[in-house]
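Reminder, nothing fancy here: chain letters follow the sequence lines and each chain counts from 1.
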Amino acid sequence: MADHFTTADVARQLDDCTFCPKMCRHACPVSTTTGRESLIPQAKMDRLNKLVHDQEPWRPDTTESLWACTGCRHCTVYCDHDNEPGLVLLSGRAEANKRGAGHPALAGYGERFRARDQRLAADARERFGAEAFASTGAIGFWPGCDSLDKGTADVAAAQAVFERLGLGPVPLVDAGLACAGYPLLAAGLPDEFRWHAGKVATALRRFQTIVIGCSACRHAITALYQGEGISVGTTVVSIAEFLATHADKLPAPATKKRVHYHDPCYLARSAGVIEEPRRVLGQVADVREFAWSGVDTECCGGGGLLPKTMPAVADAMARRRLAELAAQGGGIVATACGTCALMLRRNAPDGVEVSDLATAVANLTDTPFTPPAAPADEP
Amino acid sequence: MTLELAGALAAVVGADHVRPIPGQPALAVTPGSPTELADVVRITADAGAAVVPVGAGFRAARVRGLGERRRVHLSSERLDQVVQLDETSMLCHAQAGLTGAALEKILAPRGLSLGDYPPGILGSSLGGLIGVRTPGKSSARHGFFEEAVAGLSAVLADGRTIHTRVAPRRSTGPDLARALCGSEGTIGYITAAVLRLHRRPEARLLAAYVLPSVDAAIAAAFLALREECAPAGLRIVDATEARLHFPDAGLADGQALLVACTAGPTDLAACDRDLIASAVAAEGGAAADLGLAERWWRRRLGTEPTPEPSPGFQASAGPGQLTAAYHAIRRAVPTARLHVSRFDLDGAVVFATLVDDRGDALAGDALTATVARAEAAATAAGAWLLGARPTALDPYLKALRAQLDPRGVMNPGALTES
Amino acid sequence: MVADADRVRRELEGIVGPRRVSVRPGDLDTYARDMWPRLLLARRAGATPTMLPTAVVWPETVREVAAIVRMARNLGVPIIPYGGGSGVCGGVVPRFGGITIDTKRMAALRGIRASDQVVDVEAGLSGERFERELTRRGYTFGNFPSSIYCSTVGGWLATRAAGQLSTKYGKVEDRVAGLTLVTGTGEVVDTDGPRRAIGGPDWTQLVLGSEGTLGIITSARLRLSPAPQLKVLRGFEVDNVAAGVEALRRVLQRGLKPAVVRLYDELDTFVNSFGHHHHDAAAAELRHTHAPVPLPGEGALPPLPPPPRATDDDGPLERLLGMVRKARHGLRGDAFTAVLDRPRLINRVVGTVAEKIARKGCKLIIGLEGARLRTEVEAALTFAELERAGARDQGEEPGRAWLARRYAVSYKMSPVFRDGAFVDTMEVATSWATLLDLYHSVRAALGKHAVVMAHFSHAYPEGCSIYFTFAAHAPDRAASERLYDTIWKDGLEAATRVGATISHHHGVGMLRAPYMAGEHREAMAILTALKHSFDPDDVMNPGKLGLAARRWEAR
């Protein structure tokens with residue numbers, strides 16, 4: 001599949017999309033939510049094709065649609081051309097930045113990213129205590145930035161689950177960093193991504209296995225780092241995959257509640273992690289499916305920096321995702337990604353409860369094992 | 001003035017084919033060709049008179065609201081030729097004055113048929129069958145009569161003749177022939193039609209069942225239809241009507257008789273019969289004497305007389321409203337004899353024979369009052385009455401007519417709010 | 001006098017608020033076209049659209065649509081309805097500017113009434129999403145066009161679309177119980193009445209297919225069927241097109257209703273088997289669940305191609321360079337255009353090869369679905385009838401292969417255009433008696449300019465449609481457009497000459513507008529009168545469907 005990374009193949013993809021009768025449009029969450037024809041994958045690629053052919057000037061208003069993608073890859077499921085619009089659009093974003101036509105909301109994003117990353121790492125140290133961290137060991141836990149920011153209870157729940165499974169305390173990776181750098185790539189800053197990825201990889205290398213709570217971090221580390229010549233050399237798995245290997249040890253409640261599982265795009269469609277989280281959740285709950293799930297899962301709006309470039313649309317996508325459940329009168333949704341959990345929680349309608357996978361596992365038993373010292377989120 | 005018009009028309013169609021209608025400012029005109037008909041329309045329009053279409057065997061043309069305006073009752077009865085019979089495509093191009101029954105006689109030796117429409121309607125001319133929509137012109141196998149129309153020829157108010165092109169289906173704008181179907185001669189005078197034909201069925205199988213209630217019988221009918229059963233005829237007769245029409249069925253109060261005919265290739269006819277049988281069984285019914293169904297079918301074909309009087313009231317309803325409509329009419333007119341027929345997935349028609357407790361046909365004020373009661377009850381239950389018409393689009397119809405017929409020549413009294 | 005763009009924007013914002021109105025150049029550019037291949041020729045040449053909307057608006061309710069239409073009527077601005085923009089006739093091109101109304105924010109499936117087997121659905125819902133939701137609830141609408149992934153329900157209704165199972169379920173116009181429409185006067189009307197019965201013309205049938213020229217369809221009540229309990233697919237082989245057509249006629253006229261009917265002519269059969277593509281479900285699954293991984297050290301993001309050097313458009317040097325560039329990726333592209341430069345030869349040679357030498361005959365795919373019992377009986381009768389007509393049973397495999405690739409045709413457009421050629425399809429229909437005349441005369445007319453193949457795919461007791469695919473090549477944009485127009489002119493005139501309709505299910509738009517007079521002759525008077533009745537000021541999609549647009553052309 002490496003041929004997706006050649007100039008000739010990108011040119012082919014751009015042309016095939018330009019002349020295609022829009023066969024993936026129904027799968028694109030951004031255009032389906034907004035109704036905007038210029039945001040369907042075909043139109044975004046057509047736009048980029050015009051830009052690279054100098055048929056359009058590179059300006060913030062002409063490049064706007066390059067940012068209207070969460071990289072969820074739903075379009076690729078319906079593409080007989082084998083195209084990767086999400087990936088190609090990231091290259092378009094990088095080029096737009098180079099030509100001074102970046103997204104206004106992302107001005108100075110590199111700086112802001114670094115500042116937030118350091119702040120989150122420092123906050124986590126304070127919140128969980130230095131003893132919760134390690135810089136080497138058999139297993140390291142990497143929750144991801146959104147969990148460390150707004151989902152610290154999920155992080156604590158995950159640690160409680162690890163203990164309950166007899167894995168002992170699984171330390172947080174002591175890197176002084178919170179994010180694997182995917183947002184930098186989404187911001188069209190591949191150089192900064194490379195620099196950041198190097199630092200993260202150095203920290204991860206000291207563990208034999210890394211358990212990751214964020215689907216985008218998992219994708220970045222296992223797939224994208226390699227492109228930058230960065231090898232981690234460690235087993236890197238999502239928390240869903242990790243818990244799945246121990247699923248039989250999870251205590252089952254007497255009666256299982258119905259829980260809908262939301263597939264994070266970066267797990268289901270980038271890493272093929274579909275069955276594992278269901279196996280885990282199935283131990284403690286009666287797993288229900290959304291109308292669109294698995295390889296057809298619909299994006300929560302959290303990817304591709306859409307919450308920064310089109311915040312109202314990103315939130316509307318999350319609400320759209322939960323509308324099906326709301327129409328049934330509510331229910332519980334579990335997901336296996338800190339960013340998805342954040343987006344869905346923030347936009348959950350009345351009656352819909354959103355839970356991270358680890359939190360669901362910890363709470364949906366007859367003897368919930370939320371950790372004693374679970375620190376409360378700051379308001 | 002009428003004399004002058006009569007003279008002008010006689011010059012076109014011959015004096016034998018223009019005659020005054022006594023007591024009315026009207027002439028009955030029977031042109032012998034579509035060209036003559038077009039000339040008649042043009043001359044009538046230029047004279048400021050109105051055209052009222054008249055078909056064979058069709059009930060008296062509505063002349064409501066015309067007052068003393070002169071009119072030409074334009075009959076298609078001499079336009080009775082089959083223009084072309086395309087047996088390869090099973091299409092028949094026939095003139096509008098031909099009756100359905102006459103056309104069936106021409107088709108039968110060739111193994112063809114218009115389809116299993118109720119024989120009772122086929123006495124009308126093709127022009128009337130197409131120009132006026134009523135719920136009876138339907139068949140579960142072949143749809144509504146207008147769906148048999150593949151193309152039409154018509155004369156517009158200014159004397160222009162149009163021919164809609166024949167194609168199995170098309171995507172070149174709205175279906176223009178449909179502007180003429182059901183428009184009762186107001187958009188144009190239909191002079192010929194290309195009709196879709198069907199093979200005469202290889203097999204025809206009859207069956208009769210008794211069900212515990214009319215509700216169960218209706219449920220069984222739709223159960224079978226949803227399994228794609230397409231009967232050539234299906235009728236549910238309630239106990240009141242059965243006592244007169246099928247006395248030997250021995251129906252108890254509340255029970256219902258279901259008679260059905262399935263047709264087509266033998267295997268398919270048998271399949272459909274089996275589907276009805278299982279639906280009936282599922283609703284608690286059982287097979288009855290086949291002779292009942294045979295008698296129904298003979299009466300339908302007119303080879304055996306149907307007990308008098310015939311139904312004087314009908315209301316159609318969708319599957320969701322049909323049972324309620326039946327009971328509403330039943331309650332409103334306890335003496336009425338009721339049957340439900342013309343079934344398809346869109347619903348069916350409840351037919352009521354309005355009689356007094358001695359079984360004699362109602363007449364006069366009693367009839368008027370009873371019909372009003374039945375109408376109110378049926379409407380309240382969500383059914384539609386014969387001749388009812390949604391009027392929301394009337395302004396558009398008016399504008400359409402004004403465009404095509406600014407002088408108001410074409411059947412001006414029809415399709416207007418009374 | 002067209003109101004100025006700023007005024008239009010302000011008025012629209014007054015109706016729907018600022019977020020659902022756009023005058024952004026990127027939006028205007030996108031809404032300037034649909035998938036009409038002629039527009040792709042211009043796009044390929046890098047031309048900017050000359051006919052752009054003044055503004056785009058996304059209403060969410062029928063009341064907003066009505067308010068927009070009333071406003072446009074007051075200001076004297078055209079309205080162009082836009083669904084999926086997947087049409088192939090230029091139906092959404094804003095010929096005289098105006099407000100493009102995108103219906104896609106009206107996309108709710110409002111509800112199913114089980115007792116009547118009908119669904120109420122809004123016009124902007126995606127076809128695929130509609131059908132999936134119905135499947136989930138145990139129903140099907142039965143319309144499966146190869147554009148189902150990109151078209152909307154409203155677009156189907158506006159053009160009288162057809163799907164691959166139309167022989168059983170009918171074209172969309174056969175499945176409509178009623179429509180809600182905002183007419184050109186800005187009034188909301190409902191054509192939903194009981195179908196049985198009722199006096200006056202059937203307004204539903206007069207609105208269906210009007211392509212936005214009478215009003216905007218905002219929602220519809222559509223007939224449903226239960227989801228099929230049984231599906232049967234079978235391949236057959238017949239000696240030639242005539243034998244296949246005769247076999248199909250016999251099946252349909254016996255009163256049987258297969259869902260899928262596809263008879264490929266010799267070239268279509270040849271191309272289909274030549275490019276036989278075994279669908280590898282496992283490989284596809286892997287591709288869908290795993291993102292591509294970059295090569296080590298080559299960068300996490302793929303490199304964009306450099307901007308082209310300034311050269312004459314399609315000059316000889318550029319063509320030479322292009323050939324060299326393509327040579328690196330195999331000769332397919334240029335071999336392909338070389339083939340297209342000699343269409344007569346290829347039409348003859350391939351026909352000969354397939355017919356005389358290989359004796360492959362024509363492929364016929366037949367599928368039945370529906371209620372278990374009746375489908376079983378109809379399938380047995382259908383297969384027996386085909387065999388009696390000389391068709392040879394090839395088993396289930398050809399049917400399965402077709403099903404796996406049923407929408408593949410829609411993906412074949414891009415490579416052809418990328419390689420510098422063009423491809424389009426022409427779907428015509430007529431009665432059985434003239435069907436072979438239609439086939440031969442259109443094939444001959446197109447074959448002078450293009451490589452042509454055809455299949456017969458929507459059959460009725462009285463006739464059938466033919467779906468011609470043609471591919472051709474010309475040196476530059478101007479020559480391509482000339483050739484394109486000639487092909488359509490020759491093809492449609494050939495169809496009209498034998499008495500066929502010029503479109504079975506793609507519609508009219510701009511492409512067929514010049515041929516509407518030949519199609520309907522005097523009956524155009526009724527269409528014109530309908531137009532005046534529904535849209536007295538000619539604001540609804542002016543200049544389409546062969547209707548005069550004098551008000552706008554005079555400017």
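- At least one donor-acceptor pair under 3.5 Å links the side chain of B/Ser171 to the backbone N or O of C/Arg160.
- With hydrogens and angles ignored, the 3.5 Å screen pairs a side-chain donor or acceptor of B/Ser89 with a backbone N or O of C/Ala433.
- Interface remark: C/His520 contributes backbone and side-chain atoms alike to the contact with chain B (heavy atom separation under 4.5 Å).
- In this structure the side chain of C/Thr496 reaches within 4.5 angstrom of the side chain of B/Arg165, judged on heavy atoms.
- No other option in C/Gly255, C/Gly170, C/Ser465, C/Gly499 has as many heavy-atom pairs under 4.5 Å with chain B as C/Gly499.
- Taken to the nearest 0.5 Å, the OG1 atom of B/Thr161 stands 12.0 Å off from the CZ atom of C/Arg521.
- Of the listed residues (C/His504, C/Glu427, C/Glu462), the greatest number of heavy-atom pairs within a distance under 4.5 Å of chain B belongs to C/Glu462.
- Only the side chain of C/Tyr460 has a heavy atom closer than 4.5 Å to any heavy atom of chain B.
- C/Asp202 places a side-chain heavy atom less than 4.5 Å from the side chain of B/Arg133.
- For the salt bridge (Lys or Arg N to Asp or Glu O under 4.0 Å) with B/Glu228, the lone residue among C/Lys257, C/Arg372, C/Arg374, C/Lys168 that qualifies is C/Lys168.
- Listed for the B/Arg226 side chain is no donor-acceptor partner under 3.5 Å among the backbone atoms of C/Gln117.
- For the pair C/Asp174/B/Arg169, a side-chain contact is recorded, criterion being any heavy-atom separation below 4.5 Å from C-beta on.
- Looking only at heavy-atom pairs under 4.5 Å with chain C, the residue among B/Val166, B/Asp272, B/Asp274 that has the most is B/Asp272.
- Of the atoms belonging to B/Arg178, heavy atoms from both backbone and side chain fall under 4.5 Å from chain C.
- For C/Thr185 and B/Tyr396, the side-chain atoms include at least one donor-acceptor pair closer than 3.5 Å.
- The most heavy-atom pairs under 4.5 Å with chain C, out of B/Leu393, B/Asp86, B/Leu152, B/Asp267, come from B/Leu393.
- The part of B/Leu275 that comes within reach of chain C is its side chain, from C-beta onward, which places non-hydrogen atoms under 4.5 angstrom from that chain.
- Both the backbone and the side chain of C/Leu206 have a heavy atom closer than 4.5 Å to some heavy atom of chain B.
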For B/Arg170 and C/Glu519, what are the C-alpha separation, side-chain angles and deciding distance, and is it a side-chain contact (heavy atoms from CB on, under 4.5 Å)?
-> CA-CA 10 Å; B/Arg170 49 156 47 91; C/Glu519 169 86 358; 2.9 Å; yes
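- The shortest distance between side-chain heavy atoms of B/Leu400 and C/Leu530 falls below 4.5 Å.
- How far CD1 of C/Ile526 is from CG of B/Leu180: 4.5 Å, rounded to the nearest 0.5 Å.
- Contacts between C/Thr159 and chain B at a heavy-atom distance below 4.5 Å involve the backbone alone (N, CA, C, O).
- With a 4.5 angstrom heavy-atom cutoff, C/Ala114 touches chain B only via backbone atoms.
- You'll find the side chain of B/Glu227 stays beyond 4.5 Å of the side chain of C/Leu373, heavy atoms only.
- Contact annotation for C/Leu256: only side-chain heavy atoms (C-beta onward) come within less than 4.5 Å of a heavy atom of chain B.
- Ion pairing between a basic and an acidic side chain is recognised when a charged N comes within 4.0 Å of a carboxylate O; C/Glu522 and B/Arg160 show no such pairing.
- Looking only at side-chain heavy atoms (C-beta outward), B/Leu415 and C/Pro201 come within less than 4.5 Å of each other.
- To the nearest 0.5 Å, the span separating CD on C/Gln205 from CG on B/Leu176 amounts to 11.5 Å.
- Between the CD atom in C/Glu211 and the OG1 atom in B/Thr172 there is a gap of 9.0 Å [rounded to 0.5 Å].
- For the set B/Pro265, B/Ala167, B/Cys181, B/Ala230, the entry with the most heavy-atom pairs within less than 4.5 Å of chain C is B/Pro265.
- Chain C forms the most heavy-atom pairs under 4.5 Å with one residue out of B/His198, B/Arg401, B/Glu202, B/His163, and that residue is B/Glu202.
- By number of non-hydrogen pairs under 4.5 angstrom with chain B, the leading residue of C/Glu173, C/Met516, C/Arg249 is C/Arg249.
- One distance of note links CG of B/Leu268 with CD of C/Glu378; it measures 5.0 Å at 0.5 Å rounding.
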Show your reasoning for whether side-chain contact (heavy atoms from CB on, under 4.5 Å) applies to C/Asp116 and B/Leu345.
-> CA-CA 7 Å; C/Asp116 292 357; B/Leu345 282 168; over 6 Å; no
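- Rounding to the nearest 0.5 angstrom, the gap separating the OG atom in C/Ser533 from the CG atom in B/Leu404 is 9.5 Å.
- Each of C/His532, C/Met524, C/Gln229, C/Arg254 has some count of heavy-atom pairs under 4.5 Å with chain B, and the biggest count is that of C/Arg254.
- At a 4.5 Å heavy-atom cutoff, the contact between C/Ala525 and chain B is made by backbone and side-chain atoms alike.
- Contacts between C/Val508 and chain B at a heavy-atom distance below 4.5 Å involve backbone atoms as well as side-chain atoms.
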List the steps, then state whether side-chain contact (heavy atoms from CB on, under 4.5 Å) holds for C/Trp203 with B/Leu397.
-> CA-CA 9 Å; C/Trp203 292 105; B/Leu397 179 59; 3.6 Å; yes
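- Chain B forms the most heavy-atom pairs under 4.5 Å with one residue out of C/His458, C/Lys544, C/Glu187, and that residue is C/Glu187.
- The side-chain heavy atoms of B/Leu91 and C/Trp432, taken from C-beta on, include no pair separated by under 4.5 Å.
- Ranking C/Ser210, C/Ala523, C/Gly507, C/Gly200 against chain B, the residue ahead of the rest is C/Gly200, based on heavy-atom pairs under 4.5 Å.
- C/Leu527 is listed as a side-chain neighbour of B/Pro174, based on a closest heavy-atom distance under 4.5 Å.
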